[in-house]
There are 2 protein chains.
Amino acid sequence: MSRRANLRDIADAVGVSVSAVSLALRGEARVSEETAERIRAAAKRLGYVPNRAASALRTQRSDIVAVCLNDLSNPIFNEFLTHIEDELQQSGRMPYLGVSREDPERQARFLEAAISQGAGGLLICPARGTTPEDLRVVLPTTGRAPFPTVLFSRSLEDVACPQFGNDDFAAGQLMAERLLAGAHETYHWLGGGHDSSTARAREAGFRNVMERAGHVPGIHHGPTSRAFGHATAARLLRESSGPVGFACFSDLIAFGVLAAAAQAGLRAGRDLSVIGCDDMEEARFSVPPLTSIWIDKSAIGRLAARSVLDPEAEAVTRRIAPRLADRATVRSPSATPSAG
Amino acid sequence: MSRRANLRDIADAVGVSVSAVSLALRGEARVSEETAERIRAAAKRLGYVPNRAASALRTQRSDIVAVCLNDLSNPIFNEFLTHIEDELQQSGRMPYLGVSREDPERQARFLEAAISQGAGGLLICPARGTTPEDLRVVLPTTGRAPFPTVLFSRSLEDVACPQFGNDDFAAGQLMAERLLAGAHETYHWLGGGHDSSTARAREAGFRNVMERAGHVPGIHHGPTSRAFGHATAARLLRESSGPVGFACFSDLIAFGVLAAAAQAGLRAGRDLSVIGCDDMEEARFSVPPLTSIWIDKSAIGRLAARSVLDPEAEAVTRRIAPRLADRATVRSPSATPSAG
DNA sequence: TGCTGTATGTCAATCGATTGACTAAACGCC
DNA sequence: GGCGTTTAGTCAATCGATTGACATACAGCA
């Protein structure tokens, strides 16, 4: 037999109807325990694997949950994905993964595929520049949505769905406050500048505190990469004399700054300060260990996954509070830095 | 209308049969260009998205490709995934992602889901301890497989499918050779020890060269994590007097070693040597930049993806040659280390 | 006029699983 | 015995798209 076994094959083998097999395998009470046992045995013997496409077609339900990320090369998204996957797994769902690469068009193609595939839900961290219009296919203003949609990490205004993310304005403030605790000649913001809620809010929080303290930080927008942090910091360090305070949109950028500092023969935490954001695992093992803003990736990922699995229960948008993870890369005239 | 539009809705709107709509949308010549245009317009107007489940059911084909990874927290798998995703995307396929977490049972559940979902192919990096028996569902010894399967990164013996990976024995040899070029008191292998082809082959290659050179390296098996590298190196550095040469199964472990060295006040590349393997992006920005073994993740990922998309064309198992990426963390009495 | 050929469609079966409606037998109970 | 109620199933329609077989109209040609 070259075909995959189906309900009919089992029914023929056992000598009952297809309905009986369907009912038995799903544990409905309409078949006797004895028959059910024979059916299960035959199913196993024939290597039966249910055809989810057929079942999805009939029931209009599916255990696929679409998950749309922006960029796999940023470990932060993997951390989110890990928690999401874990939560989905626990309910027997599987993530159907899409990567937008910050391109709303790629994102649109994935959304269509998700609908096409009959997904049961969508978890999305919207690509930069995504408009409510772009999400219309999954969040129509009139009529029913194809499935529950939940935003995570990044938020979007005027979009009617639950959103779970970090309080990025607060994160930006924490970064500024920590830097201000040490004395620096100049302050610089590295990264962001793109059309995403995280970039806007973190920078706004940072500037807010800086300006209230009477400082005008340098703003250097750029890609979320080690290379950008490295290049930008190398230049700024050459141009400056006194200690510089760097606040980075992402730890990734901060690692680049650390590399540049080391190459310039400077020690972060003494000759200059670097603070990152996201607190990825890597931060605890950088040289020196990176001071960063801890974000509750687990809570965000899990809440989002739970919300999409059970839209009734977890329908509220939430913004999770960040915390300072103080390690060794920010100058501290008073207190000594402690490893996190 | 709360339902998703289907072919019937379009047919009714245009006043043709369902068949005509199906033919027109797929560009078959059986409908006039004029009618086809009206049909496409109606499809767009109604927001029609084809139901892939129905189509998969009817045609027994699907554009889902299942991809099974082990561990998202290891950036190397993300690099593979990025290249795979890219290649699949180009053919309009989407990865259906599973994460085994090195658990053959989780892996088995995913394989069943992939079959269930009617996937069109499977790309898998087998979990540690996977046996040919575990893959029997997708690679039956008798009868037809549910879809083409391809192994990547890790290989498995006695499994009848294309396999694409790095030449890990050669990688281990390169690591040993590079370390031997500098003078060290002792040599240590960190990581691996688990039941995977990469762990076995890299260690074997390393020992092969070491033993031929008359050295007996210390072997320290353990998890592929920065924490393991950190803890193990911290202990070994305390116990040793002269320069130590560390070869790490993965860059991840090497980063931990670098952190431990820095904390001990030692400089990698001068007081001790560290060489990693995989050459992840992070290696270029560590402090100091990590000497590692470069692996062609792009070629491996793309070849594997292409093979699963077109099993006829790309059916040969291939082992890609690694290269030394010499940076700054290995002692070099003769040559000066250069940044990669 | 009649015949063939082409263009343009339509019809209906099919993929595999699900489920509301139905049936037949057995059982309980007065 | 008669009647209602369980129990253990079966039947057939259904989900949406695809496709081989068939239908109709019309042009061209002898």
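What you are looking at is a predicted structure, and each value in this text was computed from that prediction instead of being measured.
- Here A:E34 does not pair with A:R40 in a salt bridge; the nearest charged N to carboxylate O distance is not below 4.0 Å.
- When the side-chain nitrogen and oxygen atoms of A:N51 are compared with OP1 and OP2 of C:dG16, none of them lie within a distance under 4.0 Å.
- Considering only side-chain N and O atoms, A:R61 lies under 4.0 angstrom from the phosphate OP1 or OP2 of C:dT19.
- The phosphate of D:dT19 has OP1 or OP2 within less than 4.0 Å of a side-chain N or O from B:R26.
- Between A:E85 and B:R106 a salt bridge is recorded (basic side-chain N to carboxylate O distance below 4.0 Å).
- Put simply, CD1 on B:I39 is 11 Å from C1' on C:dT8, counting in whole angstrom units.
- Contact between the side-chain N/O atoms of A:S19 and the OP1/OP2 oxygens of D:dG9 is not found at any separation under 4.0 Å.
- What separates CZ of A:R8 from C1' of C:dC15 is a distance of 13 Å, to the nearest Å.
- In this structure, A:R319 places its CZ atom where only 12 or fewer heavy-atom neighbours from other residues, nucleotides or ligands lie under 6.0 Å away.
- Rounded to an integer number of Å, the gap from CD of B:E34 to C1' of C:dA7 is 13 Å.
- Counting to the nearest Å, the C1' atom of D:dA13 and the CZ atom of A:R58 are 8 Å from each other.
- Taking all atoms of both residues into account, the shortest heavy-atom contact from A:V137 to A:I115 is O-CD1, 3.8 Å.
- Of the side-chain N and O atoms in A:Q60, one or more sit less than 4.0 angstrom from OP1 or OP2 of D:dG16.
- Residue A:S17 has no polar side-chain atom (N or O) positioned under 4.0 Å from OP1 or OP2 of D:dC11.
- For A:V18, the listed nucleotide lying nearest its side chain is C:dT18; candidates were C:dT18, C:dG16, C:dG9.
- Spacing between atom CG of B:L23 and atom C1' of C:dA7 amounts to 13 Å, rounded to whole angstrom units.
- At D:dG16, none of the side-chain N or O atoms of B:S22 fall inside 4.0 Å of OP1 or OP2 (strictly under the cut-off).
- Put simply, A:T59 has no side-chain N or O that comes within less than 4.0 Å of OP1 or OP2 on C:dT19.
- At whole-Å resolution of the value, CG in B:N6 and C1' in D:dT14 are 13 Å apart.
- Remark: C1' of D:dA13 and CG of A:L57 are 13 Å apart, rounded to the nearest angstrom.
- Residue A:Y48 places its side chain closer to C:dA17 than to any other of D:dA17, C:dA17, C:dG9.
- Regarding A:L7, its CG atom lies at a distance of 15 Å from the C1' atom of D:dA12, rounded to whole Å.
- A:V21 comes within 4.0 angstrom of nothing in the nucleic acid, heavy atoms only.
- Salt bridge annotation for B:R52-A:E112: absent, with no cationic side-chain nitrogen under 4.0 angstrom from a carboxylate oxygen.
- Among D:dT19, D:dT10, C:dT10, the nucleotide with an atom closest to any side-chain atom of A:R30 is D:dT10.
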